[in-house]
Amino acid sequence: MFTNRNIHHSRVLAPLSAAAFAIAGFATPAAAASTAYPLMITNCGQTVSFDKAPQKVVSIGQGMTEILFSLGLADKIAGTAVWVGPVLPAFAETNKTIKRLADNDPSFESVVGVEPDLVAAEFEWHVGAQGSVGKREQFSGLGINTYVSPADCVAKLNTDGGDGVRKELFTMDLIYQEIGELAQIFDIQDRGDALIADLKKREADAVASVGASKLGALPVVFWFSSKEVQGDAFIAGKNSAPAYILKTLGAKNVVTTEEEWPLVGWETIAEANPSVIVIATMDRRRYAADDPAVKIDFLENDPVTSQLDAVKNKRFVEMDAQSMNPTIRTIDGIEILAKGIKSFGLSQ
C-alpha cells in the first residue's frame, strides 16, 4: 500500500521463461541468426574479437552481473565484484553459488586468478584507461577479452575522477545495446531479444499509468547520498539515468549540470522547491547519508529542507540505488516513481 510517508517498491526480475521467449518472439518473423565467429565488436573505443562464446566470465559491477543472470548466463560466471545491495530477488539462490571476489573493487590478481576468458565491467573506472582493477591492455596481454558497458562510455567522460561527466542524456537504448551485444557474444540472441522486449513493454506500461503529458514538468530531485548528512548532497545530474526516468515520465530534474552525480547544496535545491524527493536505498554504509532513514530525518528536521514542498507533504519515494544507475533496473525506477506520483495524486 502506498502512503504519503514514503514509497518503496522492488520488482522481481525473473529469468525469462520459455513462454516469455515465445511471447517476445511473436513480434519477430524469424528467429535471430546465430553468431558467426570470429565476432568483432567495437566496444568503448576498442575492437574486441571473439573466436567462440566465452566459457568463463568475471563480472565487475552488480548491474553487469544482473544482466548476465537475466540472460541465463549464471553458469558462465566464474566470479563477481562491486556490489551496492542485494541481488535481484529472482537470482538470490543462484547468486549464492557464484564466487564473490570482492564486495568492492577486486584486485587484478584475484580476477585473473579464476582464469576467465572474458572480464565484463559495468564501469570504465574499473576496467579502462585508468582502471582501478586493471587496464584493458593488461587483460588482453594475458589473452583475456574485456567488455565495458556502453552506458558508461558513450558520450561520457571518465577521465577526471568521480562519477564522470555525461555529455548526452542517458537512454535505455545503451542498455539494450549492451544486452544485444552480450547476447551476440554468447550466441543467445533469442534471449537478448526477449529480455529487451520485456523491458520495453514495462516502460511503456509505466508511462501509460501516469499519463506523462499531464505531469506539467513536475520538479523532482534524486538524492543518492552525502558525505556529511548536513553537507552538500550527491544529486542526479541532467543527463543521468534518473534524468531519463524523469523525462520518460514527463517530470523535471532540478539539476542542470552534466556531472553524473554532482554535489549540490540544499539552499540551491530549495530554490527549485521539488515536489517529490527520490531517496536512494542501499546496504552500503560508506557515507553518512547512505541510510535512507538518516536522509528522511535530516529532511524533516533541517530548517531549510523542512520547508520544501516535498518534505511538508511527505512526498518521499524510496528507490533501490541500483535503479538510479544505468542498468536494467532503470526500468524498475520508472515503475517505482510512476507509482509514487500516482499515489501522491500528482498525475492528475
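For the single chain, residues carry numbers from 1 onward in sequence order. Note that these values count all heavy atoms, side chains included, but never hydrogens, waters or copies made by symmetry.
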With side chains defined as the heavy atoms from C-beta onward, is the minimum distance between [X] and [Y] less than 4.5 Å?
| X | Y | answer |
| --- | --- | --- |
| Met324 | Phe234 | no |
| Val221 | Val264 | no |
| Asp283 | Pro86 | yes |
| Val57 | Leu73 | no |
| Arg136 | Cys44 | yes |
| Val311 | Glu300 | yes |
| Met64 | Phe123 | no |
| Asn95 | Trp83 | yes |

Looking at every heavy atom in both [X] and [Y], which two are closest together, and how far apart are they?
| X | Y | value |
| --- | --- | --- |
| Lys156 | Ala151 | CD-O, 4.1 Å |
| Lys238 | Val255 | CB-O, 3.5 Å |
| Ser34 | Gln189 | C-NE2, 3.8 Å |
| Ile144 | Leu118 | CG2-N, 4.1 Å |
| Leu101 | Pro106 | CB-CB, 4.2 Å |
| Phe91 | Glu66 | CE1-O, 4.4 Å |

Task: Sequence-distant partners of Asn273, side chain to side chain contact (heavy atoms under 4.5 Å, CB included), two or more places apart - done: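 Side chain to side chain contact (heavy atoms under 4.5 Å, CB included) list for Asn273, sorted by chain: Leu308, Asp309.
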Task: For Arg286, all residues meeting side chain to side chain contact (heavy atoms under 4.5 Å, CB included), sequence neighbours excluded - done: Arg284, Asp290
Check whether [X] and [Y] end up in the same hydrophobic cluster, where Ile, Leu, Val, Met, Phe, Trp and Tyr are linked by side-chain heavy atoms less than 4.5 Å apart.
| X | Y | value |
| --- | --- | --- |
| Val133 | Val112 | yes |
| Val127 | Leu142 | yes |
| Phe316 | Val229 | yes |
| Val111 | Ile98 | no |
| Val119 | Ile41 | no |

Task: Option among Asp105, Asn104, Ile60 that satisfies the side chain to side chain contact (heavy atoms under 4.5 Å, CB included) test with Ser132 - done: Asp105
Open item on the list: Tell me which one of Asp332, Ile334, Ile328 satisfies side chain to side chain contact (heavy atoms under 4.5 Å, CB included) with Arg202.
Closed with: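 For Arg202, the side chain to side chain contact (heavy atoms under 4.5 Å, CB included) check succeeds only for Asp332.
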From [X] atom [atom1] to [Y] atom [atom2], the distance as rounded to the nearest 0.5 Å:
| X | Y | atom1 | atom2 | result |
| --- | --- | --- | --- | --- |
| Met282 | Tyr287 | CE | OH | 10.5 Å |
| Thr65 | Glu122 | OG1 | CD | 8.0 Å |
| Ile185 | Tyr37 | CD1 | OH | 8.5 Å |
| Thr94 | Phe69 | OG1 | CZ | 6.5 Å |
| Gln46 | Tyr147 | CD | OH | 13.5 Å |
| Leu157 | Arg166 | CG | CZ | 10.5 Å |

- [ ] Could you pull out all residues at least two apart from Thr327 that satisfy side chain to side chain donor-acceptor pair (under 3.5 Å)?
- [x]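 Not a single residue meets the side chain to side chain donor-acceptor pair (under 3.5 Å) criterion with Thr327.
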TODO: Tell me, please, which residues at least two apart from Ser107 pass side chain to side chain donor-acceptor pair (under 3.5 Å).
DONE: Ser110
- [ ] For Ser149 and Glu178, run side-chain hydrogen bond (donor to acceptor under 3.5 Å, both in side chains): C-alpha distance rounded to whole Å, both residues' side-chain angles, the deciding distance at 0.1 Å, then the answer.
- [x] CA-CA 6 Å; Ser149 172; Glu178 177 179 350; 2.7 Å; yes
Got a list of side-chain donor-acceptor pairs under 3.5 Å for residues 167-176, not counting sequence neighbours?
residue : atom : partner : partner atom : Å
Lys167  : NZ   : Glu258  : OE1          : 2.7
Thr171  : OG1  : Asp173  : N            : 3.2

Counting neighbours of [atom1] on [X] that are heavy atoms of other residues, nucleotides or ligands and sit closer than 6.0 Å, is the number greater than 12?
| X | atom1 | result |
| --- | --- | --- |
| Lys56 | NZ | yes |
| Glu115 | CD | no |
| Lys135 | NZ | no |

Has [X] got a side-chain atom pairing as donor or acceptor with [Y]'s backbone, closer than 3.5 angstrom?
| X | Y | result |
| --- | --- | --- |
| Asn158 | Trp125 | no |
| Asn313 | Arg315 | no |
| Lys295 | Ala289 | yes |
| Asp117 | Pro54 | no |
| Ser323 | Arg329 | yes |
| Gln62 | Gly85 | yes |
| Asn253 | Ala236 | yes |

Task: Pair Lys96 + Glu93: basic N to acidic O under 4.0 Å - done: yes
TODO: Would you please name every residue forming a ring-ring contact (aromatic ring centres under 6.0 Å, His included) with Trp266, sequence neighbours left out?
DONE: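 Scan of Trp266 (ring-ring contact (aromatic ring centres under 6.0 Å, His included), adjacent residues dropped) gives Trp223, Phe298.
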TODO: Verify side-chain contact (heavy atoms from CB on, under 4.5 Å) between Ile245 and Phe222, making sure each step is shown before the conclusion.
DONE: CA-CA 10 Å; Ile245 293 173; Phe222 277 73; 4.3 Å; yes
Task: Verdict with supporting geometry, Leu246 and Leu337, side-chain contact (heavy atoms from CB on, under 4.5 Å) - done: CA-CA 9 Å; Leu246 294 174; Leu337 184 55; 3.7 Å; yes
